[in-house]
Amino acid sequence: MTYLLLFSVFVVATCGLVYELITGALASYLLGDSVTQFSTIIGTYLFAMGVGSYFSKFFNKNLLNVFIEVELIIGVIGGFSAAFLFFSFEYVTSFRFILYAVIFIIGCFVGLEIPLLMRILKDRFEFKDLVSKIFTYDYIGALIASISFPLFLVPYLGLVRSALLFGIFNVAVALTTIIVFKNEIKSNPNKPVGKIQN
């Protein structure tokens, strides 16, 4: 169970970077000036992740439940982000506002994921091992996303279907967590951070 959560770090890291790359590519296609679009999208996304990480400290109970809810929200918003932005470009005059609002919202929830997982797992590892494992999986996921995006996702799926696919991955993480940890969720609904059994 513990290593399932660690694997989920890999999945959510991959999903998070794919959403960022999709939004940057979409903005470049629609607005031009790819340097400006990718720079501002990446900057906004990283800032939003910082905001999400900051607000993670205000969640002190039901951390598994919060993590599940965050994954479901990211899955829905991230999964439909490309289709929504393409649609908005045709019918909304303030497209840039919509664009940066979407990437900011996604970034905030992605920023919540890793701090929540670290706090859920903090009783299972020493701090140095926990940090090492979390960020190893995180960076490997980022590498997979950066390689698969230009080589496989865009050529074979396109932006809209790629976003939907990774939205499904986020939802799958949430559903798997519900199934595997259903006993912990039911027996400790108000426990701040319960120990996760192996």
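Just so it is clear, the structure is predicted and the values come from calculations on it, not from any experiment.
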With the side chain counted from C-beta on, respond yes when [X] and [Y] share a heavy-atom pair under 4.5 Å apart, and no when they do not.
X	Y	answer
L72	V171	yes
L153	L159	no
L130	K122	yes
L99	I41	yes

Checking the side chain of [X] only, and the main-chain atoms of [Y] only, is there a donor and an acceptor separated by less than 3.5 Å?
X	Y	value
Y19	F166	yes
R119	I114	no
S56	L112	no
S8	L5	yes
Q37	G32	yes
Y45	G16	yes
S132	D129	no

Which heavy atom of A142 sits nearest a heavy atom of L17, and at what distance? O-CD2, 3.1 Å

Sorted by chain and number, sequence neighbours left out, ring pair (Phe, Tyr, Trp, His ring centres under 6.0 Å) with F87 holds for Y91

Remaining members of hydrophobic cluster (4.5 Å side-chain criterion), F104: F47, V51, Y54, F55, F58

In chain order, what residues pass the side chain to side chain donor-acceptor pair (under 3.5 Å) check against T40, with sequence neighbours excluded? Y100

Going only through I, L, V, M, F, W and Y residues with side-chain contacts under 4.5 Å, is there a path from I147 to I22? no

